[in-house]
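Below, read A as the first sequence line, B as the second, and so on, with proteins coming before strands; counting in each chain starts at 1.
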Amino acid sequence: MRYSEMFLPTTKEIPSDAEIASHQLMLRAGMIRKLAGGIYSYLPLGYRVIRKVENIVREEMNRAGAQELFLPAVQPAELWIESGRWNMYGKELLRFKDRHNRDYCIGPTHEEVITALVRDEIQTYRQLPKNLYQIQTKFRDEIRPRFGIMRSREFNMKDAYSFDADEEGAEKSYRKMFEAYNRIFKRCGLTFRPVEADSGNIGGSFSHEFMVTADSGEDAMVHCTSCDYAANLEKAEISRPDERADQAINFAPMEKVHTPDVRTIEEVCAFLDVAPQDVVKTMIFMCDGKPVAVLVRGNEDINEAKLRNYLGCDLLELAMDDTILEVTGSPWGFAGPLGIKSRIIADYSLSGMKNFVVGANREDHHIKNCNMGRDFEIRDYADLRIVREGDVCPRCGKELRIVRGIEVGHVFKLGVKYSKAMNATFLDRDGKEKYMIMGCYGIGIGRTVAACVEQSRDEDGIIWPMSIAPFQVIITPVNINDENLSNTAEELYGSLIEDGVEVILDDRNERAGVKFKDADLTGIPIRITIGAKSLAEGKVEVRFRKSGEVEKIPLETVRDFIAKTIMDQLTISCS
RNA sequence: CGGGGCGUAGCGCAGUCUGGCAGCGCGCCUGCUUUGGGAGCAGGAUGUCGCAGGUUCAAAUCCUGCCGCCCCGACCA
């Protein structure tokens, strides 16, 4: 490719509506342009990188025995009604009608389509297992798209679906995908970590997210400083504490106090002069339409994902004011366990608490010196709170650390959720009809590219690893009007193309500085500078984007040097 | 959905309060000089001031409505 002919609009100035580095750099490097909120065009340079990642994904999926197919982006409502998700999915699902007034959506994911396809074509265990994948444009009408292609509404995703006859098979399929994902992200040059993830309301299922560590990441994850435990913050467990109530402290007499308009933990603490950890927070949730009171220590927060799993409910939300009034007999802000008209469950953090403050279930009143055992009983104890920095590892007891990350991939054991809803069955060896056991496995292609930029850049621009760089080499003749330089550049360009190197020749009539800046910004791993001084010695300069190191290489050996360097770097990112 | 901010040349912005010739920097075009880290000089082109309506002799500027974009929040008792 000749730079002079390429559609590659780089910019000096930072676009004002880009917040994070990857978004800014991808715009500046002429990789992407925004068309509408959360909807982007991929320009040639950006698309080359996308294709590189897609191909790594393809190679590894194929290696793992998955087969590529291509499903429709537009899907009829019937399928979604069948799976029950037409009503469940909410506003994220982009719906529309065709000319016959029939309902359709643009697929945010393809479980329905693939399940319908496989159910119609597979009848016997002899045809299982199968693992099918595609790389497709998805659309999710996000509440708030942001960070460029990191969280966009339209995005490119690899999604794979496995179908197995039994649990062992499903387990094997899952492991294969897990391994493939490790290879994929390693080959993309990413620093990442598979973490245990919340499996939603499909109890007992298994799920891992592949998180690229980055401070700008939207997700929080927890990892142990000692063992290899790592989990999404939503999922991260807290061990059941020892029953170690402080015997030295005696129960004080319970006392109802007037607390006018004192509602939040902060207000209660200030008003009663106590610490948040001496208060019990009572929150009323609606769990599939039924109210539940959840108790947690005042300085902790409820983890809704854990609560949902514990209760095994589909729909969980905080109760509205009228429900609170009904259950507690008071407006919000004064709820407590005493005399409440609902089921009560408590987080482990209540363990050992004595003489604490609770709401009195009466407007403008709280209760001091409340105690479990004496004043009320807790039957349901569970791990319901969010992990904090300083909590200990549920596996080994050492310290946990919280870091931020970008979720680039997700592997998930679905079980029979969709095969059951959509009647995807097969005839097993024993002559019985059974539901196929499914798994699904996603990778955000664009997000992987953005994550890579987040992790690999400097003040001059992007630093691509060889494996996904848009070009492997850029040839920069310092002055194109010097025939000696431009002829040498042209010749070298021709031979590198012959060698199969992905090379761009910067044949623009620009000053050297401009070319260097663009080469750095676009992040091409190897720059071959052709200048008068070195050329007089029969040499060219090979500069590495990542290290900034320059090597002078004799013109006659530069082909071999480049070929070897590229091979080395690709091999390193493979292993 | 709630709150805040913004919308003026391809990009980044000033001008809006206090109505009166449409501006600056970068980029772009032409010429000359220059040519190893975003060149210099000279000349030049480029606007539905987001859209619609209203007030006014006169609107980028004031008023009303709408649209788009960005940021924060979305119930944690």
Side-chain angles (χ1 to χ4, degrees), chain A residues 9-20 23-24 27-28 30 33-39 90-91 143-148 259 261-269 276 279-286 293-307 316-321 323-325 327-328 330-337 340 347 357-361 363-366 384-386 459-461 476-482 485-486 506 508-521 527-535 540-541 543 548 550:
Chain A
T10 59
T11 64
K12 228 191 298 196
E13 303 197 53
I14 301 165
S16 62
D17 55 0
E19 282 245 304
I20 60 171
H23 189 194
Q24 292 175 353
L27 285 166
R28 286 190 55 211
R33 287 293 182 266
K34 185 171 69 183
L35 180 64
I39 299 176
K91 288 186 177 172
I143 282 184
R144 189 138 87 85
R146 60 183 132 177
F147 303 149
T259 53
D261 211 29
V262 173
R263 296 164 187 271
T264 63
I265 293 293
E266 221 170 65
E267 288 163 1
V268 169
C269 290
V279 182
V280 165
K281 191 152 66 175
T282 305
M283 294 173 58
I284 314 296
F285 283 88
M286 289 302 275
V294 184
L295 309 184
V296 65
R297 203 183 269 252
N299 57 336
E300 306 288 359
D301 292 304
I302 301 276
N303 181 329
E304 283 193 35
K306 287 183 181 177
L307 181 60
L316 183 76
E317 55 189 358
L318 279 162
M320 297 293 168
D321 288 359
T323 311
I324 294 171
L325 188 63
V327 173
T328 70
S330 84
W332 80 268
F334 308 100
I340 197 160
D347 177 65
V357 176
V358 295
N361 291 331
E363 185 163 11
D364 292 344
H365 286 81
H366 280 79
L384 299 173
R385 72 173 173 91
I386 298 174
E459 59 281 359
D460 291 317
T476 308
V478 157
N479 181 358
I480 197 159
N481 298 316
D482 182 329
L485 299 186
S486 61
D506 195 346
R508 295 175 299 167
N509 187 14
E510 290 284 355
R511 296 166 61 84
V514 174
K515 298 188 186 188
F516 293 157
K517 287 289 182 190
D518 277 334
D520 286 349
L521 178 61
R527 187 181 85 204
I528 304 177
T529 313
I530 300 177
K533 245 186 236 168
S534 298
L535 197 58
V540 293
E541 291 162 32
R543 183 178 192 272
V550 178

Results of side-chain hydrogen bond (donor to acceptor under 3.5 Å, both in side chains) for N361(A) - residues two or more places apart only: none

Sugar-phosphate only, base, or nothing, as touched by I284(A) at under 4.0 Å among non-hydrogen atoms: base

Distance-only donor-acceptor test, E19(A) side-chain atoms vs rC71(B) base atoms, 3.5 Å: no

side-chain hydrogen bond (donor to acceptor under 3.5 Å, both in side chains) against D347(A), all qualifying residues, sequence neighbours excluded: S349(A)

Any-strand Watson-Crick or G-U partner of rU30(B), both distances under 3.5 Å: rA42(B)

Residue closer to the 5' end of RNA chain B, R263(A) versus G37(A) (nearest nucleotide): G37(A)

Between rG27(B) (P) and R28(A) (CZ): distance, integer Å: 14 Å

Those residues that, when tested against R385(A), pass side-chain hydrogen bond (donor to acceptor under 3.5 Å, both in side chains) (two or more places apart): E300(A), D391(A)

Minimal non-hydrogen separation, D506(A) against P477(A), with atom names: O-CD, 3.4 Å

Atom C1', compared across rU34(B) and rA39(B): separation rounded to whole Å: 7 Å

P spacing across the pair rG12(B) / rC69(B), given as an integer number of angstrom: 15 Å

Check: R543(A) side chain, V550(A) main-chain N or O, donor-acceptor pair, under 3.5 Å: no

Matching residue for V268(A) among V262(A), T259(A), V358(A) - test: side-chain contact (heavy atoms from CB on, under 4.5 Å): V262(A)

Interatomic distance at C1', rC70(B) relative to rU55(B), whole Å: 32 Å

Under 3.5 Å on both distances, the Watson-Crick or G-U partner of rU56(B): none

Pairwise distance OG1(T476(A)) to CZ(R508(A)) - rounded to 0.5 angstrom: 9.0 Å

Separation of the P atoms in rG65(B) and rC29(B), to the nearest angstrom: 45 Å

Sugar-phosphate only, base, or nothing, as touched by K34(A) at under 4.0 Å among non-hydrogen atoms: sugar-phosphate

Heavy-atom pair of closest approach, residues L485(A) and A532(A): CD2-N, 3.6 Å

Any donor-acceptor N/O pair, R28(A) side chain to I14(A) backbone, under 3.5 Å: no

Write out a two-atom table: protein N or O, nucleotide N or O from nucleotides 40-45 of chain B, distance below 3.5 Å.
none

Any N/O pairs under 3.5 Å between the protein and nucleotides 10-13 of chain B? List them or say none.
unit_1	atom_1	unit_2	atom_2	d
rC11(B)	O2	E13(A)	OE2	3.4
rG12(B)	O4'	E13(A)	OE1	3.3
rC13(B)	OP2	S16(A)	OG	3.1

Backbone of L27(A) reached by a side-chain donor or acceptor of R33(A) within 3.5 Å: yes

Watson-Crick or G-U wobble mate for rA14(B), both contacts under 3.5 Å: none

E266(A) atom CD: more than 12 heavy-atom contacts under 6.0 Å: no

Enumerate the protein-to-nucleotides 28-37 of chain B contacts in which both atoms are nitrogen or oxygen and the separation is below 3.5 Å.
unit_1	atom_1	unit_2	atom_2	d
rU34(B)	O2	R511(A)	NH1	2.9
rU35(B)	O2'	N479(A)	ND2	3.4
rU35(B)	O4	N481(A)	ND2	3.1
rG36(B)	O6	G531(A)	N	3.3
rG36(B)	N1	E541(A)	OE1	3.1
rG36(B)	N1	E541(A)	OE2	2.9
rG36(B)	N2	E541(A)	OE1	2.5
rG37(B)	O6	R527(A)	NH1	3.2
rG37(B)	O6	R527(A)	NH2	3.1
rG37(B)	O6	R543(A)	NE	3.3
rG37(B)	N1	D520(A)	OD2	3.0
rG37(B)	N2	D520(A)	OD2	2.2

Pairwise distance CE(M286(A)) to CG(L318(A)) - rounded to 0.5 angstrom: 11.0 Å

Integer-rounded Å distance: rC71(B) C1' and F147(A) CZ: 10 Å

rA22(B) and rU16(B), which share atom name C1', separated by this distance in whole Å: 13 Å

Name of the residue among L384(A), I284(A), T282(A) meeting side-chain contact (heavy atoms from CB on, under 4.5 Å) with V294(A): L384(A)

Gap in Å between the two C1' atoms, one belonging to rG3(B) and one to rC28(B), rounded: 41 Å

Separation of atom CD1 in I302(A) from atom P in rC75(B), rounded to whole Å: 14 Å

Euclidean distance, M283(A) CE relative to E304(A) CD, rounded to 0.5 Å: 7.0 Å

Sugar-phosphate, base or nothing in reach of R144(A), heavy atoms under 4.0 Å: base

Base paired to rG7(B) (Watson-Crick or G-U; both N/O distances under 3.5 angstrom): rC67(B)

Separation of atom CD1 in I20(A) from atom C1' in rC71(B), rounded to whole Å: 14 Å

Gap between atoms NZ and C1', on K515(A) and rG38(B) respectively (whole Å): 13 Å

Who pairs with rG2(B) - Watson-Crick or G-U, where each distance is under 3.5 Å: rC72(B)

Value in whole Å for how far the C1' atom of rC70(B) lies from CD1 of I143(A): 17 Å

Spacing between D301(A) atom CG and rC75(B) atom C1', to the nearest angstrom: 13 Å

Nearest-Å distance once atom C1' is located in both rC21(B) and rA58(B): 13 Å

Nearest-Å distance once atom C1' is located in both rC24(B) and rC49(B): 15 Å

